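What follows is a short report on a single structure.
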Amino acid sequence: MFSLRSSSRVVSSVGNLTRARGSSMAFVRSKYSLPELDYEFSATEPYISGQINEIHYTKHHQTYVNNLNASIEQAVEAKAKAEVKKLVALQKAINFNGGGYINHCLWWKNLAPVSQGGGQHPDPESNLGKAIAKQYGSVDKLIELTNAKLAGIQGSGWAFIVKNKANGDTVEVITTANQDTVTDPSLTPLIAIDAWEHAYYLQYQNVKADYFKALWNVINWKEAERRFEF
């Protein structure tokens, strides 16, 4: 297992405050950090190169982490000073970097090397497998639809396979622009796919359709099955 820890820890809510040990009055603000990876950078080759994973994780994802923490710190200070205009201005940075942080945490977890089951379709007897068969006929048909949605993204963005709890636990495909993430409480992300150039250009250059086809060889459908139960 590969891991890279920062000095800060991941928390479940933005700007969460925890009481410092040994003091009844002092507080320390918890910060976000990179998640641990369940595989080495090179483990998704030849479908996604180790170089791409390393840059993606240590540079791009780390930048979202750093900027999210900085934006939250600034927002806390602005709130303490009642600087409403600054708080409003900081929302854009928090939304962008917070979305980038969340989306990439989903991304790393929904990848798996072939040796760890990457690319293996959901169990037909699982709830996810049954839902896909009922709606689409096969996993391949769902993949085909997802790739078509990915191809339709103008510029940078993401595609998500989600469970729609408000519509009878149906399996749907949605897209977002830039680093917008899934915020609707009725939607549970099962698979998140990064359509930004930094996710593929070093390997696939301008032929992003090849990247969209190849990545399904390392998609962690077991993780998607687990999320479907939420």
Side-chain angles (χ1 to χ4, degrees), residues 1-2 10 12 34-41 43-48 52-53 56-57 61 99-153 157-176 179-196 199-200 208-209 211-230:
M1 177 185 294
F2 174 86
V10 180
S12 59
L34 288 174
E36 289 190 16
L37 299 187
D38 299 322
Y39 44 84
E40 300 290 337
F41 289 137
T44 57
E45 293 181 347
Y47 308 106
I48 302 176
I52 285 178
N53 284 334
H56 201 167
Y57 182 80
H61 199 178
Y101 169 77
I102 292 170
N103 289 345
H104 283 90
C105 287
L106 292 169
W107 167 252
W108 299 120
K109 200 66 180 177
N110 66 213
L111 294 180
V114 173
S115 62
Q116 296 179 23
Q120 293 181 10
H121 288 181
D123 184 337
E125 296 304 313
S126 69
N127 289 329
L128 174 59
K130 290 177 181 177
I132 292 173
K134 180 180 179 180
Q135 290 182 244
Y136 300 98
S138 69
V139 176
D140 287 334
K141 289 293 184 182
L142 175 59
I143 290 173
E144 183 180 332
L145 171 63
T146 306
N147 283 352
K149 294 270 192 178
L150 282 162
I153 294 174
W158 290 75
F160 298 88
I161 298 176
V162 301
K163 180 179 80 168
N164 189 336
K165 292 178 285 187
N167 194 29
D169 290 350
T170 53
V171 177
E172 301 173 7
V173 182
I174 63 173
T175 60
T176 64
Q179 289 297 350
D180 290 352
T181 193
V182 179
T183 56
D184 187 333
S186 67
L187 301 179
T188 301
L190 307 177
I191 293 173
I193 298 175
D194 193 340
W196 281 62
Y200 64 86
K208 62 181 180 181
Y211 158 68
F212 296 147
K213 292 176 183 177
L215 66 84
W216 296 100
N217 290 285
V218 287
I219 288 296
N220 187 352
W221 286 101
K222 285 295 182 184
E223 175 66 13
E225 287 181 353
R226 186 186 70 83
R227 293 179 187 172
F228 190 81
E229 301 305 317
F230 289 176

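Since the structure is predicted, the reported quantities are computational estimates derived from the model, not experimental observations. Nothing fancy with the numbering, it's 1 onward along the sequence. Both backbone and side-chain heavy atoms feed into the values below; hydrogens, waters and symmetry mates do not.
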- Item | Glu225, Arg226, Lys222 screened by side-chain contact (heavy atoms from CB on, under 4.5 Å) with Leu128, the one that passes | Glu225
- Task: Would you sort out whether Ile161 and Val173 count as a side chain to side chain contact (heavy atoms under 4.5 Å, CB included), showing the intermediate values?
- Result: CA-CA 5 Å; Ile161 298 176; Val173 182; 4.3 Å; yes
- Message: I'd like to know if the side chain of Lys163 and the backbone of Thr188 have a donor-acceptor N/O pair within less than 3.5 Å.
- Response: no
- Message: Between Tyr136 and Val171 (side chain of the first, backbone of the second, donor and acceptor by atom type, cut-off under 3.5 Å), is there such a pair?
- Response: yes
- Item | Heavy-atom donor-acceptor pair, Asn217 side chain to Gly118 backbone, under 3.5 Å | no
- Message: Let's go through Glu40 and Asn53 carefully: what are the C-alpha distance in whole Å and the side-chain angles of both, what is the deciding distance for side chain to side chain contact (heavy atoms under 4.5 Å, CB included) to 0.1 Å, and is it a yes or a no?
- Response: CA-CA 9 Å; Glu40 300 290 337; Asn53 284 334; over 6 Å; no
- Item | Criterion side chain to side chain contact (heavy atoms under 4.5 Å, CB included) on Ile143 and His121, from CA distance to verdict | CA-CA 11 Å; Ile143 290 173; His121 288 181; 4.2 Å; yes
- Item | Residues Leu34, Trp108; criterion side chain to side chain contact (heavy atoms under 4.5 Å, CB included); working and verdict | CA-CA 10 Å; Leu34 288 174; Trp108 299 120; 5.8 Å; no
- Please check if any side-chain donor atom of Asp140 sits under 3.5 Å from a side-chain acceptor atom of Ser138, or the reverse. no
- Message: With a 4.5 Å cut-off on side-chain heavy atoms, are Phe230 and Lys165 touching?
- Response: no
- Message: Using 30° and 60° as the class boundaries, would you call the ring planes of His104 and His56 parallel, tilted or perpendicular?
- Response: perpendicular
- Does any donor atom in the side chain of Thr170 or Asn164 lie under 3.5 Å from an acceptor atom in the other side chain? no
- With distance as the sole test, does Asn110 use its side chain to make a donor-acceptor pair with the main-chain N or O of Ala192 at under 3.5 Å? yes
- Of Asn127, Leu190, Ile132, which meets side-chain contact (heavy atoms from CB on, under 4.5 Å) against Pro122? Ile132
